[in-house]
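The structure appears right after this line, and notes come after that.
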Amino acid sequence: DVKVTQSSRYLVKRTGEKVFLECVQDMDHENMFWYRQDPGLGLRLIYFSYDVKMKEKGDIPEGYSVSREKKERFSLILESASTNQTSMYLCASSLLRGNTYGYTFGSGTRLTVV
Amino acid sequence: GENVEQHPSTLSVQEGDSAVIKCTYSDSASNYFPWYKQELGKGPQLIIDIRSNVGEKKDQRIAVTLNKTAKHFSLHITETQPEDSAVYFCAALYAGKSTFGDGTTLTVKP
């Protein structure tokens, strides 16, 4: 069964910590995405990547960075966690850029910053 | 950029009734319109999609319609069941990047 796996379901971190959220997909997808989901705000795109070592900013990249060293892995980094980054983080992947395919999502990581 | 509006934000129906969720989009270049279902504690899951060269698509109890001229598309669920209760998201996609609506919480009452 193909899947997108996020390393943690729940995380609690302290303000100012550097936080790594990991995402791995086993579908050989080119595209990978990080979204955050907040009540009443839907899914907002943080960063995405169409290829290894490629990254592009989404709608809300401030306070975040990403890394894609291998095709199957896309990491989201919170350089200095703040309480307003408390949220549900969703990773997704899809086939080739420019092709019309839906996303496969992971189960999400609920991050609490205290 | 693309903007997707979704209505209603909440929808409550009796089991067996139909449910309709509507979305509008702004960018005429968008060419793919998926719908996702998110159950509690899970990530969204693709349930049906439609491409811009098709007006309607059906899969058992769910169907999606697309009106490109008016830039709106809709999800129709017939004979609703309690297990249809979830949050539903529409999206519009261009060049591999999706913009999502804010979601509709559907409650099906037994």
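From a predicted model like this one, the values you see are computed outputs, not experimental measurements. Numbered from 1 within each chain, the chains take letters A, B, ... in sequence-line order.
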Salt bridge or not for A:K18 and A:E79, using N-O below 4.0 Å? yes
Please flag which part of A:Q37 lies under 4.5 Å from any non-hydrogen atom of chain B: side chain, backbone, both or neither. side chain
Point-to-point distance, once rounded to the nearest 0.5 Å, from CG of B:L11 to OH of B:Y88: 10.0 Å
Could you look at A:L41 and say if it's the side chain, the backbone, both or neither that has a heavy atom under 4.5 Å from chain B? backbone
Max heavy-atom pair count under 4.5 Å with chain A, selected residue of B:G1, B:G103, B:P34, B:G41: B:G41
What residues, two or more places apart in sequence or in another chain, satisfy ring pair (Phe, Tyr, Trp, His ring centres under 6.0 Å) together with B:F89? none
B:G43, B:P44, B:A91: which one forms the most heavy-atom pairs within less than 4.5 Å of chain A? B:P44
Residue part contacting chain A, namely of B:S98, when any heavy atom lies under 4.5 Å: both
Non-hydrogen atoms of chain B under 4.5 Å away: do they reach the side chain of A:Y103, the backbone, both or neither? both
Given a strict heavy-atom distance threshold of 4.5 Å, which part of A:R110 is in contact with chain B: side chain, backbone, both, or neither? neither
Per side-chain contact (heavy atoms from CB on, under 4.5 Å), A:S82 is matched among A:L78, A:T86, A:N84 by A:N84
Going through the checks in order, is the side-chain hydrogen bond (donor to acceptor under 3.5 Å, both in side chains) test met by A:E22 and A:S75? CA-CA 5 Å; A:E22 306 288 344; A:S75 303; 2.5 Å; yes
With sequence neighbours left out, write down each residue that passes salt bridge (charged side-chain N to carboxylate O under 4.0 Å, His left out) with A:D38, or none if nothing qualifies. A:R36, A:R44
Out of A:G42, A:C91, A:G58, A:G40, return the one with the most heavy atom pairs under 4.5 angstrom to chain B. A:G42
Taking only Lys NZ, Arg NE, NH1 and NH2, and the carboxylate oxygens of Asp or Glu, determine whether B:D49 and B:K57 approach each other closer than 4.0 Å. yes
Side chain from CB out, backbone as N, CA, C, O: work out which of these in B:Q38 comes under 4.5 Å of a heavy atom of chain A, or both, or neither. side chain
